[in-house]
Amino acid sequence: MREYFFNYKEKEIIQFFQYCYINKKEYYPKKSIQEALNISEYRYKAIGNSVEEIKLKYPTFQFQYDKHGLSIHFSKEFLLLKVYILLFKETVGFKFLLSIYNENFQNLDRFAESVHLHQQSVLSKLKPIRMLLKEYSLEYLLFKKKISGDEYRTRHFFFTLFWHLHDEEDPIIPEYPESFQALATMIHECLPMHSHEDIRKLYLFMKITQHRLKNGYMITELPEVIAKVRNPLISYEVFKRQIQGKEITNLFFKKNLNEVEINYLYYVFTVVPTYTCFEEELPPFRDFYNKEYNKIEQTIFHQLSQHMKRKLTTQEEDFLSVNIIYRTTYFLSYGSDEFVPPYSDLEYFDFNDPTRNHYHKIIDEIIAQMPLKEEKWQRIITSQSFRSSLFQLLSYVLEIHHEPVKVAILSKFGKIHKTELSSYLIKLNPRPIEIVAYDQSPDIIFCDFPLKEGRILNPQAEIFFISVKPTPSQWLEIVNFIDVVRTKKQFGYLL
């Protein structure tokens with residue numbers, strides 16, 4: 001989202017913090033910073049001044065710089081995301097949208113004066129915001145001092161923007177203990193599996209709803225894809241009674257909501273949270289699925305079962321079904337003909353994880369088998385948002401059921417030393433391993449002496465020679481090597 005708000009200056013500052021936070025050196029010569037960020041001497045000085053200003057607002061790091069170089073030291077309280085939030089909140093685009101939300105925007109002249117810019121400069125900075133709103137099927141009308149479009153889309157847009165900048169220390173929309181606790185109590189009673197973060201997200205949405213209703217903006221109609229969604233964990237009738245309860249009504253709405261507003265909140269309470277595997281079998285919940293939903297679900301189940309070489313359990317099917325269909329309805333509900341919005345901020349981060357790269361090939365095969373050829377479905381299924389969601393969900397299922405890598409450890413220094421190595425290796429590995437004897441067909445043999453018999457008994461096993469006392473860097477090498485063998489063992493057909 002930042003590409004619509006940040007100019008090159010904010011991007012350079014974020015790059016500077018990222019570079020220093022990752023490298024954590026005692027001192028950076030000016031030339032090394034210029035080369036790393038590809039900046040001029042003038043920009044080096046400007047970034048230095050900006051970092052000093054940020055330090056005043058967020059004193060969680062020490063910083064000194066001069067014409068020769070700089071030093072920066074981060075405390076354990078430092079959070080890179082907080083720097084991002086501080087920069088974001090100072091952008092012209094964000095200040096404009098916040099003034100529209102708060103209904104403080106009077107005219108362009110007054111706004112330009114408030115951000116200390118010329119009107120033409122403001123207009124140029126608002127062009128990307130116009131593009132962003134268009135992707136959410138919205139537009140701003142300066143002469144009307146408001147955002148134009150479906151009200152449910154407007155609420156979702158502000159929710160997405162404000163949650164993107166979630167900061168419990170300095171929230172954009174203040175939290176009030178009484179109303180937050182009332183909502184938390186309702187959710188704990190009806191939807192106990194929802195996390196603390198889920199409750200905060202839903203509270204934010206409720207406050208946005210409260211604000212919009214107070215200012216006269218009501219939802220009068222919903223598309224079918226929203227209106228028909230049903231939650232497997234709470235019926236519409238039970239939710240309606242809870243959301244219209246006396247305490248929630250008094251603290252949030254002051255009066256009873258109409259049916260369309262309740263229907264939309266039910267959809268939000270269903271789609272916004274994420275769901276992990278369920279401990280108990282769910283009651284029937286696919287009654288609102290249409291033929292297209294069923295085709296998506298069955299294609300994913302069939303392809304995944306083929307790759308796993310076993311049938312999915314009921315728990316796995318429910319987990320995938322609930323998450324995939326709710327995310328699919330989300331993609332259908334928002335965005336535009338050219339844009340599929342990300343389901344989560346996680347999709348903005350590109351993690352290079354070699355141990356999971358083969359999952360992308362599984363996703364490619366699943367998407368290639370999707371039978372839905374209509375334009376709207378192709379737009380969603382081939383989008384990065386759908387791929388990212390599918391990657392997260394399939395990774396979750398596949399990671400849970402990794403077969404353990406069989407490891408044999410041979411040491412000439414006795415069983416106690418061997419047991420210590422085995423225990424440490426198990427603690428270090430986030431994925432399952434099984435310690436076996438060297439004659440029990442291990443996948444890997446770790447050995448601290450020249451080996452002959454083990455090679456003869458296990459010609460297919462990987463041999464890895466270790467030090468008597470492996471160093472931290474060698475332990476890291478060992479863990480990575482186990483993951484490589486695991487990938488080859490389980491997904492060799494994809495490599």
Side-chain angles (χ1 to χ4, degrees), residues 21-26 73-79 195 276-277 279 307-310 312-313 315-316 319 351-359 362 391-392 394-495:
Y21 190 70
I22 291 170
N23 288 279
K24 292 185 177 175
K25 296 178 181 178
E26 287 295 318
H73 301 282
F74 302 99
S75 75
K76 62 182 178 63
E77 298 295 323
F78 177 81
L79 181 65
S195 68
T276 52
C277 281
E279 293 182 4
H307 285 288
M308 296 174 71
K309 296 182 173 59
R310 67 171 177 82
L312 293 171
T313 66
Q315 282 185 331
E316 290 167 342
F319 163 74
F351 296 105
N352 183 20
D353 185 354
T355 63
R356 291 180 170 189
N357 283 345
H358 46 277
Y359 293 170
I362 297 177
F391 178 84
Q392 184 189 39
L394 296 195
S395 298
Y396 186 88
V397 171
L398 292 167
E399 292 288 316
I400 289 174
H401 293 285
H402 269 316
E403 290 181 32
V405 173
K406 293 183 178 181
V407 174
I409 298 178
L410 305 181
S411 174
K412 72 173 188 176
F413 298 97
K415 287 188 288 185
I416 293 177
H417 180 64
K418 177 179 172 179
T419 301
E420 288 176 347
L421 291 173
S422 300
S423 177
Y424 197 61
L425 189 60
I426 290 171
K427 290 177 183 177
L428 283 178
N429 271 274
R431 298 177 173 97
I433 63 172
E434 180 183 355
I435 305 297
V436 299
Y438 80 100
D439 58 353
Q440 292 181 316
S441 302
D443 300 304
I444 306 172
I445 297 176
F446 291 106
C447 185
D448 58 18
F449 59 84
L451 187 65
K452 180 179 178 182
E453 185 180 16
R455 289 182 187 274
I456 296 171
L457 287 176
N458 301 285
Q460 302 300 319
E462 300 277 0
I463 311 296
F464 193 108
F465 291 103
I466 59 174
S467 306
V468 178
K469 292 282 188 179
T471 63
S473 61
Q474 191 177 34
W475 277 118
L476 180 60
E477 189 180 349
I478 288 168
V479 171
N480 288 336
F481 182 74
I482 291 173
D483 272 336
V484 169
V485 172
R486 185 192 313 279
T487 298
K488 192 184 298 182
K489 177 181 179 180
Q490 295 191 247
F491 300 100
Y493 64 96
L494 290 171
L495 303 177

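Positions are given from 1 along the sequence.
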According to side chain to side chain contact (heavy atoms under 4.5 Å, CB included), who are the partners of Tyr21, at least two apart in sequence or on a separate chain?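 Tyr21 satisfies side chain to side chain contact (heavy atoms under 4.5 Å, CB included) with Lys24, Phe74, Phe78 once adjacent residues are dropped.
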
Set out, in order, the CA-CA distance, both residues' side-chain angles and the distance that settles ring pair (Phe, Tyr, Trp, His ring centres under 6.0 Å) for Tyr396 and Phe319, then state yes or no. CA-CA 10 Å; Tyr396 186 88; Phe319 163 74; 4.7 Å; yes

Compare every heavy atom of [Y] with every heavy atom of [X], then report the nearest pair and how far apart it is.
X: Ser411; Y: Lys418; answer: CB-CB, 4.5 Å
X: Pro442; Y: Ala461; answer: O-CB, 3.4 Å
X: Lys406; Y: Ser441; answer: CD-O, 3.8 Å
X: Asn429; Y: Leu425; answer: ND2-O, 2.9 Å
X: Ser422; Y: Ile435; answer: OG-CG2, 3.9 Å

Report yes if some heavy atom in the side chain of Lys469 is under 4.5 Å from a heavy atom in the side chain of His417; otherwise report no.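 The answer is yes; the side chains approach within 4.5 Å.
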
Any side-chain heavy atom of Asp483 sitting closer than 4.5 Å to one from Arg486?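 Yes; the side chains approach each other to less than 4.5 Å.
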
Counterpart residues, ring pair (Phe, Tyr, Trp, His ring centres under 6.0 Å), relative to Phe481 (two or more places apart):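 Applying ring pair (Phe, Tyr, Trp, His ring centres under 6.0 Å) to Phe481 gives Phe464.
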
Are the side chain of [X] and the backbone N or O of [Y] linked by a donor-acceptor pair below 3.5 Å?
X: His73; Y: Lys25; value: no
X: Ser423; Y: Thr419; value: no
X: Ser75; Y: Glu77; value: yes

Could you go step by step and tell me if Leu421 and Ile466 meet the side-chain contact (heavy atoms from CB on, under 4.5 Å) rule? CA-CA 10 Å; Leu421 291 173; Ile466 59 174; 4.1 Å; yes

Distance, nearest 0.5 Å, that separates CD1 of Ile433 from CD1 of Ile482: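 The CD1 atom of Ile482 is 5.0 Å from CD1 of Ile433, to the nearest 0.5 Å.
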
Please identify each residue that fulfils salt bridge (charged side-chain N to carboxylate O under 4.0 Å, His left out) with Asp448, with sequence neighbours left out.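 Result, salt bridge (charged side-chain N to carboxylate O under 4.0 Å, His left out) vs Asp448: none returned.
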
Begin with the C-alpha distance, continue with both residues' side-chain angles, and end with the deciding distance and a verdict on side-chain contact (heavy atoms from CB on, under 4.5 Å) for Val407 and Phe446. CA-CA 7 Å; Val407 174; Phe446 291 106; 3.4 Å; yes

Derivation of the side-chain contact (heavy atoms from CB on, under 4.5 Å) call for Gln460 and Asp443: CA-CA 7 Å; Gln460 302 300 319; Asp443 300 304; over 6 Å; no

In terms of relative ring orientation, are Tyr424 and Trp475 parallel, tilted or perpendicular, with 30° and 60° separating the classes?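 Rings of Tyr424 and Trp475: perpendicular, as their planes differ by over 60°.
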
side-chain contact (heavy atoms from CB on, under 4.5 Å) between Leu394 and Tyr359, worked out: CA-CA 8 Å; Leu394 296 195; Tyr359 293 170; 5.9 Å; no

Under the salt bridge (charged side-chain N to carboxylate O under 4.0 Å, His left out) rule, what do Glu420 and Lys415 come out as? Steps first, then yes or no, please. CA-CA 9 Å; Glu420 288 176 347; Lys415 287 188 288 185; over 6 Å; no

